[in-house]
Amino acid sequence: MCHLKTLIICIGNSDNKLTQLEWAAFCDVVGRAVRHEVVKIHFKGGTNYDSQYQTACWVCEIPEENIATLRDHLTSIRINYNQDSIAIVIGDTEFV
C-alpha cells in the first residue's frame, strides 16, 4: 500500500516577468505535471481576474514515491519559464 502525502503547489507572477500568454502557458504546464504525478486534486484555483498579482494553487494527494519526480519536473518548468521559485508544501493530513 502506498503512503499518500498532502501536497500544495503555489505559483505566481507578482514580478510580471511573464506576459499574460506566458502565464497561461506556465499554469497549463504546471497543471499537466501535477496531474501526471498525483492521485487526486482536491482544489485548483487562482487569483481573481482583476487582481494586481497572478497566482495559482493546487491541493493534491500524491504517493510519497512520486514527490521527487514532481519536484524535479517543477524545477525544470520553473527554469524554463524564468521563475525564481515554485512553492511546495508536503505533509500529512490529519482528520479531527
Original post:
Hey, is the main chain of R71 close enough, under 3.5 Å, to the side chain of T75 for a donor-acceptor pair?
Top reply: yes
Original post:
Just by distance, do the side chain of D15 and the backbone of K17 share a donor-acceptor pair under 3.5 Å?
Top reply: yes
**OP:** Provide the closest heavy-atom pair for Y81 versus A25 in the form atom of the first, atom of the second, distance.
**Re:** OH-CB, 3.5 Å
**OP:** Take N82 and E22, measure what side-chain contact (heavy atoms from CB on, under 4.5 Å) needs, and give me the verdict at the end.
**Re:** CA-CA 11 Å; N82 194 30; E22 292 167 333; over 6 Å; no
Original post:
Linking I/L/V/M/F/W/Y whenever any side-chain heavy atoms sit under 4.5 Å apart, do I77 and I8 land together?
Top reply: no
Original post:
Under the 3.5 angstrom rule, does the side chain of N13 hit a backbone N or O of Q54 as a donor-acceptor pair?
Top reply: no
Original post:
Atom OG1 of T93 and atom CZ of F95: how far apart are they, to the nearest 0.5 Å?
Top reply: 6.0 Å
Subject >> Atom pair CD1/CH2 of I41 and W58 - distance to nearest 0.5 Å >> reply: 8.5 Å
**OP:** Using the rule that two of Ile, Leu, Val, Met, Phe, Trp, Tyr join whenever any of their side-chain heavy atoms come within less than 4.5 Å, decide whether L4 and V89 are in one cluster.
**Re:** no
Original post:
Which value, rounded to the nearest 0.5 Å, describes the distance between C60 atom SG and L70 atom CG?
Top reply: 8.0 Å
Subject >> Audit row: L74, I88, side-chain contact (heavy atoms from CB on, under 4.5 Å) steps and yes/no >> reply: CA-CA 10 Å; L74 291 174; I88 61 172; 4.0 Å; yes
Original post:
Does some side-chain heavy atom of T55 sit less than 4.5 Å from a side-chain heavy atom of C10?
Top reply: no
**OP:** Please say whether more than 12 non-hydrogen atoms of neighbouring residues, nucleotides or ligands are located less than 6.0 Å from CD1 in I79.
**Re:** yes
Original post:
Looking at CD1 of I90 and CD1 of I67, how far apart are the two atoms once the value is rounded to the nearest 0.5 Å?
Top reply: 4.5 Å
Original post:
Hey, does the side chain of R78 reach the backbone of I86 with a donor-acceptor pair shorter than 3.5 angstrom?
Top reply: no
**OP:** Calculate, to the nearest 0.5 Å, the distance between atoms CZ and SG belonging to R32 and C27 respectively.
**Re:** 11.5 Å
Subject >> Option passing side chain to side chain donor-acceptor pair (under 3.5 Å) with E61 (candidates K5, K40, H42) >> reply: H42
Original post:
Taking a hydrophobic cluster as the set of Ile, Leu, Val, Met, Phe, Trp and Tyr residues connected by side-chain heavy atoms closer than 4.5 Å, whether directly or through intermediates, do V59 and V34 fall within one such cluster?
Top reply: no
Subject >> Pairwise distance CD1(I62) to CG(L7) - rounded to 0.5 angstrom >> reply: 5.0 Å
**OP:** Under the side-chain contact (heavy atoms from CB on, under 4.5 Å) rule, what do W23 and D28 come out as? Steps first, then yes or no, please.
**Re:** CA-CA 9 Å; W23 168 251; D28 180 60; over 6 Å; no
Subject >> Side-chain donor or acceptor of S51 paired with backbone N/O of Y53 under 3.5 Å >> reply: yes
Original post:
Can you tell me if E37 and H73 form a side-chain donor-acceptor pair at under 3.5 Å?
Top reply: no
